[in-house]
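Proteins get letters first, then strands, A, B, ... in listed order; numbering begins at 1 in each.
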Amino acid sequence: MATKCIEYNFREIEPHWQTFWEENHSFRAEPKLSGEKYYVLDMFPYPSGAGLHIGHPEGYTATDIIARYKRARGFNVLHPIGWDAFGLPAEQHAVKTGTHPAANTANNIANFKRQIKALGFSYDWEREINTTDPTYFRWTQWIFLQLFQRGLAYVDERPVWWCPELRTVLANEEVVDGKSEVGGFAVERRNLRQWVLRITAYADRLLADLKDVDWPESTKRMQEAWIGRSEGAEILFALEPKEVGPLKIFTTRPDTLFGCTYMVLAPEHPLVDTLTQPERKADVEAYRKLAAAKSDLERTDLAKGKSGVFSGSFAVNPVNGIRVPIWIADYVVMGYGTGAIMAVPAHDERDFEFAQQFSLPIIQVIEGGEAKLPHVGDGPLMNSPGYDGLPWPEAKCKITADLASRGVAKATVNFKLRDWLFSRQRYWGEPFPIVWVSEADYAKVKAAPGNSLPNTPVTFRANGVTQCAVPLPAARLPLELPSVQSYLPGGNGESPLANETDWLEIWYNVETGAAVPASATRPTGATWVRGRRETNTMPQWAGSCWYYLRFLDPRKPNAIASPEALRYWGTPDLYVGGAEHAVLHLLYARFWHKVLFDLGVVPTPEPFTKLFHQGIILGEDGEKMSKSRGNVVSPDTIIESHGTDTLRLYLMFLGPLEAMKPWSPRGIEGVHRFLQKVWREIIAPDGTISARITAAAAESPELTKSLHETIKKVGEDIENLRLNTAVSQMMIFVNAVQKSPGLTRESALVFLQLLAPFAPHMAEELWSRLGGADSVMLARWPVFDATRLASSEVKLVFQVNGKHRGDQMVAVGTSQDVALELAKANPRIACYLEGKEIKRVIYVAGKILNLVVG
RNA sequence: GCCCGGGUGGUGGAAUGGUAGACACUAGGGACUUAAAAUCCCUUGCCUGUAAAGGCGUGCGGGUUCGAGUCCCGCCCCGGGCACCA
C-alpha cells in the first residue's frame with residue numbers, strides 16, 4: 001500500500017517501504033535450499049564509534065543492486081550482513097571509560113544497524129552475525145583447534161613487532177612503514193612468546209590457486225608478491241674452523257658461484273659469535289648492537305649506504321675451493337632464506353655497492369652488461385671453469401646438480417611469506433582454547449581417550465620449565481572471556497587476562513576438559529591436573545576468516561553450518577570490498593578455507609571466486625575523507641536532505657564502481673532532479689496518476705524502442721557492474737518519456753522494475769500507485785524484445801580518407817553499391833571526389849562508408 | 001628501483017579499432033512568474049568565420065591501419081602496492 005503523499009516526499013516514502021519490507025520478510029533467503037542460488041557478500045564492517053562513512057554505502061549499494069536484480073531474475077539470493085566487532089577501538093574505549101567493550105560495541109552496532117537500514121539495503125537480517133558473540137566465536141575457536149591438531153599452530157619466542165602504545169604485538173601485515181596500521185604508532189622489535197599459524201605450509205597452494213579466481217589482476221599480483229616464491233639452491237660453504245660445520249646459504253643465482261668474493265651473515269645469525277675472531281670481537285659486538293637498535297625502518301632508510309663488519313673468518317667456495325671472507329652486514333636479513341648469502345658483486349646491485357664500499361674484489365662471471373657492472377641480466381657464463389659459455393638457466397641447473405652430487409647443494413624454493421603471528425596481548429578478542437600443563441601432565445592428556453593432540457606437542461620453555469599446550473575438547477567451547485578489573489594490558493607482553501587468577505590458574509580435567517579455579521581444593525581423581533590458561537587472544541582477523549560460511553546457517557548450534565547449507569550455498573558468487581584487504585583478510589581467509597577444505601568441511605578450495613574492489617570516495621576537495629580535514633560526508637546527512645534513493649543512485653552515477661572519485665554536492669542535485677522528474681512523469685500535481693499514463697496511451701515508437709534499449713542496457717550493465725552507465729540509460733529513457741505524447745501503463749511499470757534495484761523505495765511507491773501487483777521486487781525482470789530494437793533506418797557515416805565528411809539515413813541492409821551511389825550523389829561528399837580516383841572502398845554495413853581517394 | 005592502475009571539455013565521466021565528448025554538473029541566454037524557487041527550451045571542447053563551412057583536438061613523440069582515445073614502441077606526469085628477500 002502506497003503512501004498518500006502528493007509530492008515526492010522521500011521522508012515519508014522511504015521509511016514506509018522499509019517497514020513494508022521488514023514486515024514481509026522480503027529479503028529472506030529461501031531456507032528450503034532449492035532453486036538456483038546467488039550469494040552476494042559485502043565485507044562486513046567493523047562497527048566503529050564514528051558510524052557509517054560514505055564509502056560503506058558505495059559498495060553496499062552495488063551489491064544491493066545485484067541482490068535485487070538477481071532476485072528479480074528468479075535466483076534464491078543470499079545477501080547477509082554482520083559485524084566484525086572484536087578490535088582495538090572498542091578496547092581502547094574500554095580502557096578509557098572502564099566499561100566493558102561489549103557495551104560500547106553493542107551501541108555502535110545499534111547505530112550502524114540504524115544507518116544501514118535507513119539506506120534500504122536488502123539484507124536478510126535474520127542471518128545477522130557478530131564475531132564477538134560466543135555462539136559465533138565458538139566456531140572461530142573450533143577452527144583454531146583444527147589448525148592446532150594438524151600442527152598448523154605453534155608457539156615460538158621470536159622477534160616480533162611490539163607496539164608500546166597499543167601494548168601488543170602486531171603481524172607483519174599490520175605494520176606499515178614502521179608504524180602500526182591501526183593508530184599509526186611506532187613499533188619496535190621484541191622477543192616474545194607468540195602463537196604462530198603455519199600459513200607457509202600453504203604457500204604453494206595459496207600461490208597456485210590464484211589462477212582459478214576471478215579477482216582484480218592487481219590484487220592477485222599483490223598476493224603473489226607477498227607470497228614471494230623464488231626458486232634457487234641452498235649451498236653449503238665449508239668454514240675455516242672445520243668443527244663449526246658448514247655455512248648454509250640460499251641463492252637464486254647458483255650460476256654466479258664463481259663470482260662469489262665474500263659471504264655475508266645477518267647480524268642476528270646464530271653463527272656470528274662462533275665465527276667472530278677474537279681480534280674482531282669488539283667491532284662485531286658494536287655493530288650488532290647498532291643493528292639491533294635500529295628499527296627496520298631505519299635499516300631500510302639507510303639503504304643508501306651499506307654498513308658491515310668483517311668477522312675475521314673465511315669460508316670455502318665449494319665450486320672452486322677459494323677462500324672468501326665472511327662479513328656481518330644488516331643488508332642481509334635473518335628472516336629470509338638462511339640469513340646468510342654468498343655475495344656476487346659483479347651481478348647483484350647490493351653486493352656491488354657493498355664491495356665498492358669495502359674494497360672487496362669483483363669478478364664478472366656472466367657475459368654482457370656492456371662492460372658496466374653490476375650486470376644483473378642474462379648472458380652466458382665466463383670465468384667459470386667447466387661452465388664457460390653455458391646459458392645461465394642451464395648453468396643454474398648444472399652447477400646445482402654437480403654440487404648436489406657432492407652433497408653440498410640442494411635445489412630449493414623460498415618464500416617471502418612468513419608464518420602468521422596470531423596472538424595479541426589484548427582483552428577484546430577470542431580467547432585461545434588452550435591450557436598449559438607440565439610435561440608430566442601432558443602425558444596424562446595423551447593417555448586420555450579421544451584426545452585431539454597434534455603429532456608433535458606444542459611446548460614452550462620458560463624459567464627452565466617446559467610447558468605443554470593442551471586443547472580444550474570441542475564440546476567445552478566456547479571458552480568465554482572472564483570479566484576483568486582493568487582492560488589495560490600490562491605492557492610486559494601479557495594480556496589483561498593474566499590478572500584474572502580464578503580464570504587463569506585452574507585444576508583441569510584431562511578427560512573432560514572441565515576446570516575449577518586453582519584456589520579451590522583440587523577435585524579428587526587422577527585426571528585433574530594443574531593448568532594455566534593461555535592469556536593471549538586472537539587477532540581481529542580470526543573472526544573475519546570464515547564469517548562468509550556462518551551466514552549459510554548462522555544459528556546452527558553444533559556445526560559451522562549444516563553440510564546441506566555448505567553444499568547448496570557454497571561460497572559467495574560475488575564478494576565486494578575495499579582493496580586495502582588485498583594481503584590481509586583476503587590471504588588469511590584463503591588459508592583457513594583451504595584448511596577447512598582439507599578437513600572436508602567445505603567442498604571448494606577457494607573462498608572467494610569472484611572479487612571486486614569498489615573505489616574510494618574522496619572528499620569534495622579531492623583528498624581522502626578524514627575527520628581532521630573536515631571533508632567527511634555522512635550518509636545520514638544526505639538521507640535527511642535528499643533521501644536514500646538519491647544517495648544510492650548518486651553513488652552509482654558518480655563514475656565506475658572501481659574508480660577513486662571525489663564527492664560532489666552539486667552532482668547529487670542532478671540525480672535528485674532525475675528522481676523528481678520520474679515522479680512528475682507518473683504522478684500529477686494533485687497526487688493522482690498522470691493523465692498521460694493509460695493502458696492505451698499514445699506512446700511514440702521511439703519511446704518503445706528506448707524502453708527496450710533500456711531493458712537491455714540496464715540488465716547488461718548490472719551484470720558487469722557498470723552501474724554508472726545503467727543510470728545514464730535510465731535518464732535517457734526518462735528524457736524520452738518527457739518528449740513522448742504519452743506513456744503506456746505497462747511501459748511505466750517495466751521502467752519501475754528497472755529502477756527498482758537502484759531506487760527501490762520510489763520504485764515500490766510508484767509501482768503500487770500504478771496498481772502493480774504486490775511488490776515491484778516480486779515481478780520477474782523484464783525481457784527486451786529484440787525486434788523492438790531494430791529500426792528500419794540507420795545513419796550511415798561517409799568518410800573520405802578516414803575523415804568524417806557527412807552522413808545520411810539509409811535503409812537497413814543497404815548494399816555497398818547503393819551506399820557508394822548515395823555518397824557520390826551527396827553534395828558534401830561529391831566535392832571531395834571531384835577529379836580524384838576512388839582507390840578503395842571500406843564499407844561497414846549500417847555504420848561507415850570510407851572512400852580512399854588519391 | 002620493481003609491479004599494477006590511470007591521464008579525454010570549465011567539472012564528474014561516455015565511447016565491441018568505425019561520427020570523440022553519451023549522461024550529468026557548472027556557466028550563459030530565453031520562456032513561465034508581480035518576484036523568487038521549481039520547471040521547460042536553447043547554447044556550452046578550442047580556433048577561424050556573420051553564416052555555410054573549415055581547421056585543430058583524448059599527457060608527449062613515433063608506428064601499425066582505409067580508419068587509433070582504443071593496438072604497438074619510446075618518454076612524461078599522477079595514484080596504489082612492494083622494496084637490501086639474495
Side-chain angles (χ1 to χ4, degrees), chain A residues 7 176 216-226 228-230 232 249-253 256 264 266 296 299-304 306-307 329-344 347-351 353-354 414-418 579-580 582-583 613 615-616 618 622 650 653-656 658-671 673-674 676-677 680 685 722 724-735 738 795-807 828 831 839-844 846-854:
Chain A
E7 292 178 331
V176 178
E217 230 21 67
S218 57
T219 304
K220 286 201 207 182
R221 291 278 150 73
M222 272 193 237
Q223 291 214 349
E224 276 171 18
W226 193 266
R229 182 180 199 273
S230 47
I249 61 105
F250 173 75
T251 180
T252 54
R253 296 295 304 274
T256 62
V264 184
D296 270 27
R299 249 164 105 153
T300 29
D301 259 3
L302 296 174
K304 295 148 204 157
K306 296 265 181 297
S307 66
D330 67 1
Y331 81 92
V332 171
V333 296
M334 195 55 225
Y336 183 75
T338 62
I341 62 157
M342 64 169 199
V344 184
H347 305 290
D348 181 279
E349 282 171 19
R350 297 146 303 183
D351 297 345
E353 195 189 335
F354 191 83
N414 245 304
F415 293 93
K416 285 187 200 169
L417 185 70
R418 317 290 167 85
E580 67 273 17
V583 286
H613 297 306
I616 303 171
L618 304 172
Y650 179 60
F653 185 61
L654 211 47
E658 67 276 18
M660 188 188 274
K661 33 200 187 267
W663 178 263
S664 152
R666 279 186 177 143
I668 201 157
E669 291 295 340
V671 167
R673 251 175 252 170
F674 164 70
Q676 295 272 19
K677 202 188 283 188
R680 280 197 315 272
R722 289 192 307 239
N724 53 330
T725 49
V727 177
S728 296
Q729 183 60 41
M730 289 191 281
M731 288 175 168
I732 291 170
F733 175 73
V734 173
N735 288 344
Q738 282 188 300
K795 186 154 87 174
L796 181 66
V797 169
F798 298 128
Q799 293 185 344
V800 179
N801 289 339
K803 279 199 190 293
H804 177 212
R805 294 299 181 188
D807 50 55
R828 285 189 52 197
C831 60
K839 291 184 167 164
R840 205 175 149 185
V841 178
I842 291 104
Y843 183 57
V844 183
K847 273 196 174 157
I848 264 179
L849 179 74
N850 188 11
L851 304 177
V852 183
V853 303

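- The side chain of Ile341(A) lies closest to A86(B), out of G79(B), A86(B), C23(B).
- Nucleotides G12(B) and G63(B) have their P atoms positioned 32 Å apart, rounded to a whole Å.
- No engagement by Pro216(A) is indicated, since no non-hydrogen atom pair under 4.0 Å with the nucleic acid exists.
- For Lys839(A) against C66(B), no side-chain N or O and base N or O form a donor-acceptor pair under 3.5 Å.
- Rounding to whole angstrom units, CD1 of residue Ile848(A) and C1' of U19(B) are separated by 7 Å.
- Between Ser218(A) and C3(B) there is no side-chain polar atom (N or O) within less than 4.0 angstrom of OP1 or OP2.
- Candidate nucleotides G18(B), A14(B), G81(B) were compared by shortest atom distance to the side chain of Asn724(A), and A14(B) ranks first.
- Annotation: of the two residues near RNA chain B, Val583(A) and Thr338(A), the 5′-most nearest-nucleotide partner is Val583(A).
- For Arg840(A), a side-chain nitrogen or oxygen approaches OP1 or OP2 of C66(B) to under 4.0 Å.
- The number of heavy atoms from other shown groups lying within 6.0 Å of CD (Glu669(A)) is above 12.
- Picking from G79(B), G18(B), A86(B) the nucleotide with the shortest atom distance to the side chain of Asn850(A) gives G18(B).
- Using C1' as the reference atom, G29(B) and U34(B) are 22 Å apart when rounded to the nearest Å.
- Tyr650(A) has its OH atom 11 Å from the C1' atom of G13(B), to the nearest Å.
- Across G69(B) and G21(B), the matching C1' atoms stand 11 Å from one another, rounded to whole Å.
- The nucleotide whose nearest atom lies closest to any side-chain atom of Ile842(A) is, among C84(B), C66(B), G79(B), C66(B).
- As the counterpart of G9(B), no nucleotide is assigned, since no Watson-Crick or G-U wobble pattern has both distances under 3.5 Å.
- Among the atoms of the strands shown, base atoms are found under 4.0 Å from some heavy atom of Gln799(A).
- Distances shorter than 4.0 Å separate none of the side-chain N or O atoms of Arg722(A) from OP1 or OP2 on C23(B).
- Of the candidates G12(B), A86(B), C66(B), A86(B) carries the atom nearest the Tyr336(A) side chain, counting heavy atoms from C-beta on.
- Residue Ser230(A) is classed as a sugar-phosphate contact, given heavy-atom separations below 4.0 Å to backbone atoms only.
- Distances shorter than 4.0 Å separate none of the side-chain N or O atoms of Asn414(A) from OP1 or OP2 on A86(B).
- In this structure, G28(B) shows a glycosidic angle more than 90 degrees from zero, which is the anti conformation.
- Contact of Lys847(A) with U16(B) (side chain to base): a donor-acceptor pair of N or O atoms is detected under 3.5 Å.
- You'll find that the side chain of Phe653(A) is closest to G12(B), out of G79(B), G12(B), U19(B).
- Here Arg680(A) reaches the OP1 or OP2 of C40(B): one of its side-chain N or O atoms lies under 4.0 Å away.
- Pairing of G79(B), defined by two Watson-Crick or G-U wobble distances under 3.5 Å, is identified with C4(B).
- The phosphate of G55(B) has OP1 or OP2 within less than 4.0 Å of a side-chain N or O from Arg805(A).
- Residue Pro656(A) has its side chain nearest to A14(B) when only C4(B), C84(B), A14(B) are considered.
- In this structure, A51(B) makes no Watson-Crick or G-U wobble pair, since no nucleotide meets both defining distances under 3.5 angstrom.
- When the P atom is compared between C60(B) and C41(B), the two are found 37 Å apart, to the nearest whole Å.
- Thr251(A) comes within 4.0 angstrom of sugar-phosphate atoms only, judged by non-hydrogen atoms across all strands, and of no base.
- Nearest-nucleotide mapping onto RNA chain B: of Lys677(A) and Ser728(A), the residue sitting toward the 5' end is Ser728(A).
- Closest contact between the side chain of Arg673(A) and the listed nucleotides C25(B), A15(B), A86(B) involves C25(B).
- Atom P of G59(B) sits at a distance of 13 Å from the matching atom of G10(B), rounded to the whole Å.
- For the P atoms, the distance from A14(B) to C71(B) is 16 Å, rounded to whole Å.
- Ranking C82(B), C25(B), G18(B) by closeness to the Trp226(A) side chain, first place goes to C82(B).
- Within a 6.0 Å radius of CD in Gln738(A), more than 12 heavy atoms belonging to other residues, nucleotides or ligands are found.
- Using atom C1' as the reference point in both C47(B) and C66(B), the two lie 28 Å apart (nearest Å).
- Here Gly670(A) lies in heavy-atom contact (under 4.0 Å) with sugar-phosphate atoms only.
- At A24(B), one or more side-chain N or O atoms of Asn735(A) fall inside 4.0 Å of OP1 or OP2 (strictly under the cut-off).
- Nucleic acid contact for Val797(A): base, since at least one base atom lies under 4.0 Å from a heavy atom of the residue.
- Here the closest non-hydrogen pair linking Asn850(A) and Gly802(A) is OD1-N, 3.0 Å.
- For the OP1/OP2 pair of A22(B) and a distance below 4.0 Å, the side-chain nitrogens and oxygens of Gln729(A) include no atom meeting the criterion.
- Taking atom C1' on both U19(B) and U70(B), the two are 15 Å apart, rounded to the nearest angstrom.
- Each of U19(B), A86(B), C56(B) was ranked by its minimum atom distance to the side chain of Asp807(A); first place goes to U19(B).
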